[in-house]
Amino acid sequence: MTRRTGPETLRRAASPARLLTLAVLPALLPALFLSVLAVPGARAAESAPTVILSKKEAGKGGEITVSGKGWRGEALLMLLICGQATPERGVIGGTNSCANGTGRAVTTDEKGAFSKKLPVAEPPEPCPCVVHVATVTGEQASADAAFTVAGHPTAELPRRTGGGKLAVLAATRLEGDSSLLTWFGAPPARRLVFTVGNLGPAPVEDPVFEIGTAHGVYAPQWEERQWRGTVAPGARARIALPVELSAGAHGDYQISLRYGKKVLAEQPWGVGRPWGVTLFWVLLCLVVPAAVFRIGMAVVDRIRPRTGGAHRTAGARPGPAVSKGLPRRTTPVARTARSAAAGDADATTAVLPWFTPDSAPSENRPRPTTKGQA
């Protein structure tokens, strides 16, 4: 009997293998699913910002090289040595615990890597210390690396109060008025007043808030403000934090309040234009040309040539020309009818210079005799 081969025979031969595949496939699906999920997680771990130090310990006056990768491309970073901090808990006291005077700024490359030399300085708080790296603008990101400042005091970290949770219970407001100096370009200043409540089971001691100021489409610039006090569980506290803008600021600003990673409140602030500065420049443009004009006219009046009669005194009459060494002789002149009516004084005339008192014609010729006199 001849054995026939065909599609039906092949299907029968392949059926066991197909059954085996169908039995094993459900067992492989979970492992395949976990491997797919693990790839993005690994990529995220690789892209997390990191900080690498050339030395783990150095003394004051030394220098270390700080490098990192995984940061945002072409981002501006700030490098600081901070005390009372660990990589696990971060910088507890904020940047007030850092050596801000010796901090450095660096810009990452297109791949998010950087390398910068940082001078070693003693922070205002005792160690444990870290090298704190954080972004200055844009999306907030930070990373810490443990570091020891040789010879710097060491103390235990403050008790953890992570059980507290603050929340704003009332609307925020800005208190304060502008002074006369603000009208002339001084920095506008206010106080951001708000009420917070502790919704957690543990007290919150000396919380560090962040005040952000944004103008137009620009991202807010954050500054840390620490409030001294304790908010017990279930209690509330009224907090006032100072807010100050740059000199000459005007327009619409947005003030934001942040605690931890959460923005608690936002408050608009309309700042008027410093018209005193505009008035000053207008007056300057008027006074300076007027002063220059007066100075120029005074110079021209001093250096221009003088005429003969320019220095005559008002009301003075020029005297007659008299020859040198000859006595002055005046003769009365007949009054006219107009001068007599006006009451003018007698006019005087000068003797001609070629006559002298001894050679006058009336002196040399004989006097005529009158009739009846011999």
Side-chain angles (χ1 to χ4, degrees), residues 41-73 75-109 111-164 202 204-210 222-226 258-262:
R43 292 179 180 176
E46 293 178 358
S47 62
T50 58
V51 178
I52 303 174
L53 305 180
S54 61
K55 299 178 182 179
K56 295 295 183 181
E57 181 177 355
K60 179 182 179 181
E63 193 176 58
I64 61 175
T65 302
V66 183
S67 57
K69 58 182 180 179
W71 298 84
R72 190 175 69 254
L76 181 62
L77 306 179
M78 176 181 60
L79 313 180
L80 297 171
I81 297 179
C82 304
Q84 201 176 41
T86 59
E88 294 77 16
R89 297 185 58 179
V91 183
I92 298 176
T95 55
N96 293 331
S97 304
C98 304
N100 298 312
T102 58
R104 292 292 184 269
V106 63
T107 303
T108 60
D109 56 16
K111 298 181 180 180
F114 72 92
S115 180
K116 183 73 172 181
K117 291 185 178 181
L118 178 66
V120 179
E122 294 184 353
E125 299 293 339
C127 285
C129 302
V130 298
V131 174
H132 179 69
V133 182
T135 55
V136 179
T137 59
E139 184 180 355
Q140 296 294 318
S142 61
D144 300 322
F147 181 70
T148 302
V149 180
H152 191 61
T154 304
E156 295 183 358
L157 295 177
R159 183 170 54 89
R160 184 186 295 269
T161 58
V204 178
E205 298 179 359
D206 300 337
V208 178
F209 298 92
E210 289 181 288
W222 298 95
E223 295 183 3
E224 294 182 348
R225 297 285 188 271
Q226 187 173 17
R258 185 170 67 179
Y259 179 69
K261 300 296 182 181
K262 182 180 179 181

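Cys82 has its SG atom 2.5 Å or further from the SG atom of Cys129.
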Practice task
Apply side chain to side chain contact (heavy atoms under 4.5 Å, CB included) to Ile64 and Val131, showing your working.
Solution key: CA-CA 10 Å; Ile64 61 175; Val131 174; 4.1 Å; yes

Practice task
Given side chain to side chain contact (heavy atoms under 4.5 Å, CB included), test Ile81 with Thr102 step by step and report yes or no.
Solution key: CA-CA 8 Å; Ile81 297 179; Thr102 58; 5.8 Å; no

Practice task
Dump the intermediate steps for side chain to side chain contact (heavy atoms under 4.5 Å, CB included) on Thr135 and Leu76, then the final yes or no.
Solution key: CA-CA 6 Å; Thr135 55; Leu76 181 62; over 6 Å; no

Handout entry: Working for side chain to side chain contact (heavy atoms under 4.5 Å, CB included), residues Val204 and Tyr259
Key = CA-CA 12 Å; Val204 178; Tyr259 179 69; 3.6 Å; yes

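Summarising the geometry, atom CG belonging to Leu157 is positioned 11.0 Å from atom CD belonging to Glu125; distances are rounded to the nearest 0.5 Å. Rounded to the nearest 0.5 angstrom, Ser97 OG and His132 NE2 are separated by 10.5 Å. Gln226 CD to Asn96 CG: the interatomic distance, rounded to the nearest 0.5 Å, is 6.0 Å. Between the CG atom in Leu80 and the CG atom in Leu118 there is a gap of 8.0 Å [rounded to 0.5 Å]. A distance of 7.5 Å separates CE in Met78 from SG in Cys98, rounded to the nearest 0.5 Å. The structure places NZ of Lys69 at 13.0 Å from OG of Ser115, a figure rounded to the nearest 0.5 Å.
Between Leu53 and Ala146, the shortest heavy-atom distance links the atoms CD1-O, 3.5 Å. Between Arg104 and Lys117, the shortest heavy-atom distance links the atoms CG-O, 3.9 Å. The nearest pair of heavy atoms linking Gly83 to Pro123 is N-CB, 3.6 Å. For Val51 against Ala145, the heavy-atom pair with the smallest separation is CG1-CB, 3.9 Å. Nearest heavy atom pair, residue Pro126 against residue His152, reads CA-NE2, 3.7 Å. Across all non-hydrogen atoms, the minimal contact from Pro128 to Thr86 is CG-CG2, 4.0 Å.
For NZ of Lys56, the number of neighbouring non-hydrogen atoms (other residues, nucleotides, ligands) closer than 6.0 Å is greater than 12.
Note: Phe114 and Trp71 have perpendicular aromatic rings, judged against thresholds of 30 and 60 degrees for the angle between ring planes.
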